[in-house]
Amino acid sequence: MHAMILAAGRGERMRPLTDTCPKPLLEVGGKPLIAWHIERLAAAGVTRLVINHAWLGHLVEARLGDGSQWGVHIQYSAETSALETAGGIAHALPLLGDAPFLVVNGDIFTDYDFRRLQPALAAMARNPQQTGHLVLMPKADYPTGRDLAVDAQGFAKVSEPGDVPMTFAGIAAYSPAFFADVPRNAPSPLLPHFLQAMHAKQMTAEVFSGQWLDVGTVERLAAANDLVRITGQ
């Protein structure tokens with residue numbers, strides 16, 4: 001399996017920590033936040049990883065190397081300026097191959113088992129009309145973006161009255177076809193492409209209720225460290 005870890009954000013809300021250290025390398029439980037993802041992806045059978053970077057990207061490459069310490073092969077997709085989520089993934093497509101792949105935000109902390117995405121990857125490989133699969137979760141106690149839901153057929157949709165509102169967990173599987181209309185080498189947010197795929201019934205979803213933190217502020221970084229101390233993982 002191929003996977004991509006999104007790590008190109010500047011980390012403005014984490015300043016001054018991120019003035020000299022890229023956000024993915026901030027430590028949780030004594031190791032870089034991004035290393036938790038690499039370990040879990042390797043345990044799920046991922047062998048090839050792509051990591052994008054922009055701010056202080058040379059430090060990311062120097063710290064993680066080629067991935068051999070985790071038994072994976074890492075390639076880097078360097079961005080001279082951050083291309084936002086869809087733009088960053090589209091920019092990295094030449095490194096990701098022709099098959100469906102996993103994507104995870106580099107600034108979340110979670111115990112999600114990436115093996116859960118194997119059926120979605122297989123379904124997308126069989127059915128070219130299915131171009132994406134989202135992991136949703138109950139809304140956190142802080143703003144996390146557009147409310148989403150899962151319909152009776154298992155497709156992702158925008159939440160409507162009567163739905164149990166969910167939020168995107170920053171974990172997904174995509175077919176390269178999902179990014180066919182995304183401009184290359186230009187900033188492009190993910191939400192408009194989500195909405196287009198949802199409207200066309202091309203994106204399925206699942207609900208995850210396990211451990212999850214958006215490590216986007218200094219306070220949440222401290223919370224992630226507290227969680228590791230309490231749970232040991």
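Remember, it's a predicted structure, so these values are computed and weren't measured experimentally.
For the pair Phe155/Met198, no side-chain contact is recorded, criterion being any heavy-atom separation below 4.5 Å from C-beta on. Side-chain contact check for Leu33 versus Leu25: every heavy-atom pair is 4.5 Å or farther apart. Two residues are said to be in side-chain contact when any heavy atoms from C-beta on lie closer than 4.5 Å; Ile38 and Val46 fail this criterion. Within the 4.5 Å cutoff, the side chain of Leu148 has no heavy atoms near those of the Thr167 side chain. Taking 4.5 Å as the limit, every side-chain heavy atom of Leu49 sits out of range of all side-chain heavy atoms of His37. Taking 4.5 Å as the limit, some side-chain heavy atom of Met203 sits within range of a side-chain heavy atom of Phe194. Inter-residue side-chain proximity for Leu17 and Val218 is flagged as met; some heavy-atom pair is nearer than 4.5 Å.
With sequence neighbours excluded, no residue forms a side chain to side chain donor-acceptor pair (under 3.5 Å) with Gln202. In this view, His73 and Arg48, Gln75 satisfy the side-chain contact (heavy atoms from CB on, under 4.5 Å) rule, not counting sequence neighbours. A search for side-chain contact (heavy atoms from CB on, under 4.5 Å) contacts involving Pro192 returns Pro189, not counting sequence neighbours. Ser159 pairs by the side chain to side chain donor-acceptor pair (under 3.5 Å) definition with nothing, not counting sequence neighbours. Shown here are the side-chain contact (heavy atoms from CB on, under 4.5 Å) partners of Asp19, two or more places apart in sequence or in another chain: Arg10, Arg15, Pro16. Partners of Asp98 according to the salt bridge (charged side-chain N to carboxylate O under 4.0 Å, His left out) rule, which considers only residues two or more places apart in sequence or in another chain, do not exist here. Residues satisfying the side chain to side chain donor-acceptor pair (under 3.5 Å) test with Asp163, not counting sequence neighbours, are Lys157.
Not a single donor-acceptor pair under 3.5 Å links the side chain of Asp147 to the backbone N or O of Pro165. Between the side chain of Trp212 and the main chain of Pro138, no donor-acceptor pair closer than 3.5 Å is present.
Taken from CG in Leu190 to CG in Leu134, the straight-line distance is 8.0 Å, to the nearest 0.5 Å. A distance of 6.5 Å separates CZ of Arg13 from OG1 of Thr217, quoted to the nearest 0.5 Å. Atom-to-atom distance recorded for Leu191:CG and Phe168:CZ is 10.5 Å, nearest 0.5 angstrom. Residue Phe179 holds its CZ atom at 9.0 Å from CZ of Arg184, rounded to the nearest 0.5 Å.
Sorted by first and then second residue, the side-chain hydrogen bond (donor to acceptor under 3.5 Å, both in side chains) pairs involving residues 116-128 (not counting sequence neighbours) are Arg116-Glu206.
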* Just do the side chain to side chain contact (heavy atoms under 4.5 Å, CB included) check on Met166 and Val150 with the steps written out, would you? => CA-CA 8 Å; Met166 300 281 169; Val150 186; 5.6 Å; no
* Begin with the C-alpha distance, continue with both residues' side-chain angles, and end with the deciding distance and a verdict on side chain to side chain contact (heavy atoms under 4.5 Å, CB included) for Tyr76 and Val50. => CA-CA 6 Å; Tyr76 296 94; Val50 175; over 6 Å; no
* Starting from the C-alpha separation in whole Å, work towards a yes-or-no answer on side chain to side chain contact (heavy atoms under 4.5 Å, CB included) for Val72 and Leu41. => CA-CA 9 Å; Val72 300; Leu41 287 164; over 6 Å; no
* To do: Mind running side chain to side chain contact (heavy atoms under 4.5 Å, CB included) on Asn52 and Met4 for me, showing each step along the way?
  => CA-CA 8 Å; Asn52 68 335; Met4 181 172 183; 3.7 Å; yes
Donor-acceptor pairs under 3.5 Å, side chain of residues 86-97 to any protein atom, not counting sequence neighbours: which ones?
{"unit_1": "His91", "atom_1": "ND1", "unit_2": "Asn185", "atom_2": "OD1", "d": "2.8"}
{"unit_1": "His91", "atom_1": "NE2", "unit_2": "Ala78", "atom_2": "O", "d": "3.2"}

N/O donor-acceptor pairs under 3.5 Å from side chains in residues 54-66, not counting sequence neighbours:
{"unit_1": "Trp55", "atom_1": "NE1", "unit_2": "Thr18", "atom_2": "O", "d": "2.8"}
{"unit_1": "Glu61", "atom_1": "OE2", "unit_2": "His53", "atom_2": "NE2", "d": "2.7"}
{"unit_1": "Arg63", "atom_1": "NH2", "unit_2": "Glu27", "atom_2": "OE2", "d": "3.3"}
{"unit_1": "Asp66", "atom_1": "OD1", "unit_2": "Ser68", "atom_2": "N", "d": "2.9"}
{"unit_1": "Asp66", "atom_1": "OD1", "unit_2": "Ser68", "atom_2": "OG", "d": "2.8"}

Name every donor-acceptor pair, under 3.5 Å, that has one atom in a side chain of residues 99-110 and the other anywhere in the protein, sequence neighbours excluded.
{"unit_1": "Asp107", "atom_1": "OD2", "unit_2": "Lys23", "atom_2": "NZ", "d": "3.0"}
{"unit_1": "Thr110", "atom_1": "OG1", "unit_2": "Tyr112", "atom_2": "N", "d": "3.1"}
{"unit_1": "Thr110", "atom_1": "OG1", "unit_2": "Gln211", "atom_2": "O", "d": "2.7"}

Donor-acceptor contacts under 3.5 Å from residues 169-178 side chains, at least two apart:
{"unit_1": "Ser175", "atom_1": "OG", "unit_2": "Ala177", "atom_2": "N", "d": "3.1"}

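Across all non-hydrogen atoms, the minimal contact from Val228 to Gly29 is CG1-CA, 3.8 Å. What you find for His133 and Ala120 is that their closest heavy atoms are CG-CB, 3.5 Å. Nearest heavy atom pair, residue Ile51 against residue Ala7, reads CG2-CB, 3.9 Å. Of all heavy-atom pairs between Gln130 and Ala123, the closest is OE1-CB, 3.7 Å. Here the closest non-hydrogen pair linking Ser188 and His193 is OG-NE2, 3.2 Å.
Salt bridge annotation for Arg220-Asp214: present, with a cationic side-chain nitrogen under 4.0 angstrom from a carboxylate oxygen. Residues Asp151 and Lys201 are paired through a salt bridge, judged by an N-O separation under 4.0 Å between the basic side chain and the carboxylate.
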